[in-house]
S.K.: 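Input: one structure, supplied below.
Just follow the structure's listing: the first ligand is 1, and inside any ligand the first atom is 1.
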Amino acid sequence: MKGEFEFINGIRRTFPVPDGITGIGDDCAVIPQTDGWETLVSTDILVEGVHFLLEDISPYQLGWKSAAVNFSDIAAMGGTPSGSFLAIAVPRTTGAGWLEEFLHGYRNISGEYGFPLLGGDTSSSPDRVSICVTVLGKAPAGTSLKRSSARPGDLICVTGFTGDSAAGLDAVLKGRPREGEVPYLIDRHYLPHPRIAEGMSLARTDGVHAMMDISDGIGSDIRHIMEESGVGAEIDVDRLPLSDELRAYCRRFGADPLDFALNGGEDYELLFTASPQASIDVPHTVIGQITENRGLVWKGSDRDFNGFRHF
Ligand code: ADP
Ligand code: MG
């Protein structure tokens with residue numbers, strides 16, 4: 001296989017999308033409706049051994065995260081989730097208690113944000129757990145924020161902190177003692193909070209142009225905005241919002257926070273571009289600027305960052 005994005009681009013070339021619909025290439029498909037709204041749809045898989053280690057993540061956390069990563073794609077368009085579908089395959093040996101706890105986590109995040117589970121599918125699997133969630137959402141017609149609307153001169157902004165989730169994963173994989181800043185970082189990895197309210201507010205703010213959520217790391221995600229919008233970007237690595245916990249972890253274990261913030265993923269924060277004149281209520285950090293020149297410049301570092309790739 002050539003690469004995850006080449007594969008997706010191949011699908012995109014082979015299956016043209018009907019006029020008026022935003023299909024492959026954004027966080028959600030956007031389907032216009034006749035009642036003044038547009039429908040948002042997205043689907044994401046979580047595979048044991050790839051997206052989670054069954055021996056470490058609790059079933060509660062896995063249930064929460066399965067819904068959270070999907071709701072985050074609705075947040076990335078500035079939409080409101082309407083409901084979800086849950087397809088799950090588990091080995092026959094999986095206990096009833098495990099499934100109950102999984103549903104408890106799924107129910108708690110769905111309840112917190114007020115989205116019903118509307119259907120799905122259940123199967124046995126030869127040995128591993130796989131989960132596929134589909135979310136539906138909506139936004140007033142024409143207001144969904146795409147990856148393709150960044151303009152030269154826009155500021156590049158992010159909500160929250162970047163890199164915490166990837167550091168949490170690093171702590172899990174390296175078996176770090178669960179003390180000090182480590183439990184916080186692992187929680188950020190296992191129990192992400194999609195930025196639904198922030199996304200909706202940004203979609204209603206004049207001058208906010210492009211948006212997506214950070215799932216593969218800024219080093220990868222900013223390139224999607226660049227490609228879809230036909231622009232370049234300059235990111236000042238000294239301006240990245242890094243939490244005290246991430247800095248402490250990196251000092252203690254001799255790691256570079258930029259690796260977590262730019263090459264790691266799963267922060268599920270919002271990455272957006274906005275005109276310098278936009279008056280933005282949502283707490284955020286400006287990390288760079290969109291440029292006309294198509295290239296990507298990392299100001300303050302002589303390294304390149306590519307984010308996470310599946311293959
Ligand atoms: P995200 O990280 O936001 O979930 P992805 O990087 O997984 O987005 O996907 C990028 C785009 O490619 C999305 O528009 C998604 O719908 C589309 N896509 C990914 N895999 C496939 C596939 N197997 N078939 C059709 N479209 C796909
Ligand atoms: Mg996304």
S.K.: Considering all heavy atoms of both residues, which atom of Y106 and which atom of A67 are nearest to each other, and what is their separation?
M.R.: CE1-CB, 3.8 Å

S.K.: Answer with yes or no whether the side chains of D267 and T162 bring together a donor and an acceptor at under 3.5 Å.
M.R.: no

S.K.: Would you call R147 and E227 a salt bridge, using N to O less than 4.0 angstrom?
M.R.: no

S.K.: Among the N/O/S atoms of D73, which is closest to the Mg ion (ligand 2)? Give the atom name.
M.R.: OD1

S.K.: Looking at the Mg ion (ligand 2), is one of the N, O or S atoms of D213 less than 2.8 Å from it?
M.R.: yes

S.K.: Does any donor atom in the side chain of E234 or T291 lie under 3.5 Å from an acceptor atom in the other side chain?
M.R.: no

S.K.: What protein heavy atom is closest to atom 4 (O) of ligand 1, reported as residue, atom name and distance in Å?
M.R.: D44 OD1, 3.3 Å

S.K.: Can a protein heavy atom be found under 4.0 Å away from atom 16 (O) of ligand 1?
M.R.: no

S.K.: Which residue supplies the protein heavy atom nearest to atom 11 (C) of ligand 1, what is that atom called, and how far is it?
M.R.: G25 N, 3.7 Å

S.K.: If you measure from each non-hydrogen atom of I11 to ligand 1, which part falls under 4.0 Å: side chain, backbone, both or neither?
M.R.: side chain

S.K.: When you measure from atom 2 (O) of ligand 1 to every protein heavy atom, which one gives the shortest distance, and what is it?
M.R.: S215 OG, 3.0 Å

S.K.: Could you tell me how the ring of Y113 sits relative to the ring of H193: parallel (under 30°), tilted (30 to 60°) or perpendicular (over 60°)?
M.R.: tilted

S.K.: Counting from 1, what ligand 1 atoms have a heavy atom of I24 closer than 4.0 Å?
M.R.: 12 (O), 14 (O), 17 (C), 25 (C), 26 (N)

S.K.: For the Mg ion (ligand 2), find the closest N/O/S atom belonging to D27 and write down its atom name.
M.R.: OD1

S.K.: For D73, counting its heavy atoms only, list the atoms of ligand 1 lying under 4.0 Å from any of them.
M.R.: 3 (O), 4 (O)

S.K.: Any side-chain donor paired with an acceptor under 3.5 Å for T39 and Q33?
M.R.: yes

S.K.: Quick one: nearest non-hydrogen protein atom to atom 9 (O) of ligand 1, plus distance?
M.R.: I8 CD1, 4.2 Å

S.K.: For ligand 1, is there an N or O atom under 3.5 Å from any N or O atom of H224?
M.R.: no

S.K.: For N108 and W64, which I'm curious about, is there any donor-acceptor pair between the side chains at under 3.5 Å?
M.R.: no

S.K.: Can you tell me which residue and heavy atom of the protein come closest to atom 13 (C) of ligand 1, and the distance to 0.1 Å?
M.R.: D26 O, 3.2 Å

S.K.: Looking at ligand 1, would R147 count as a contact under a 4.0 Å heavy-atom criterion?
M.R.: yes

S.K.: Under 3.5 Å, is there a donor on one side chain and an acceptor on the other for E198 and S201?
M.R.: no

S.K.: Once the angle between the rings of Y249 and F253 is folded into 0 to 90°, is it parallel (under 30°), tilted (30 to 60°) or perpendicular (over 60°)?
M.R.: tilted

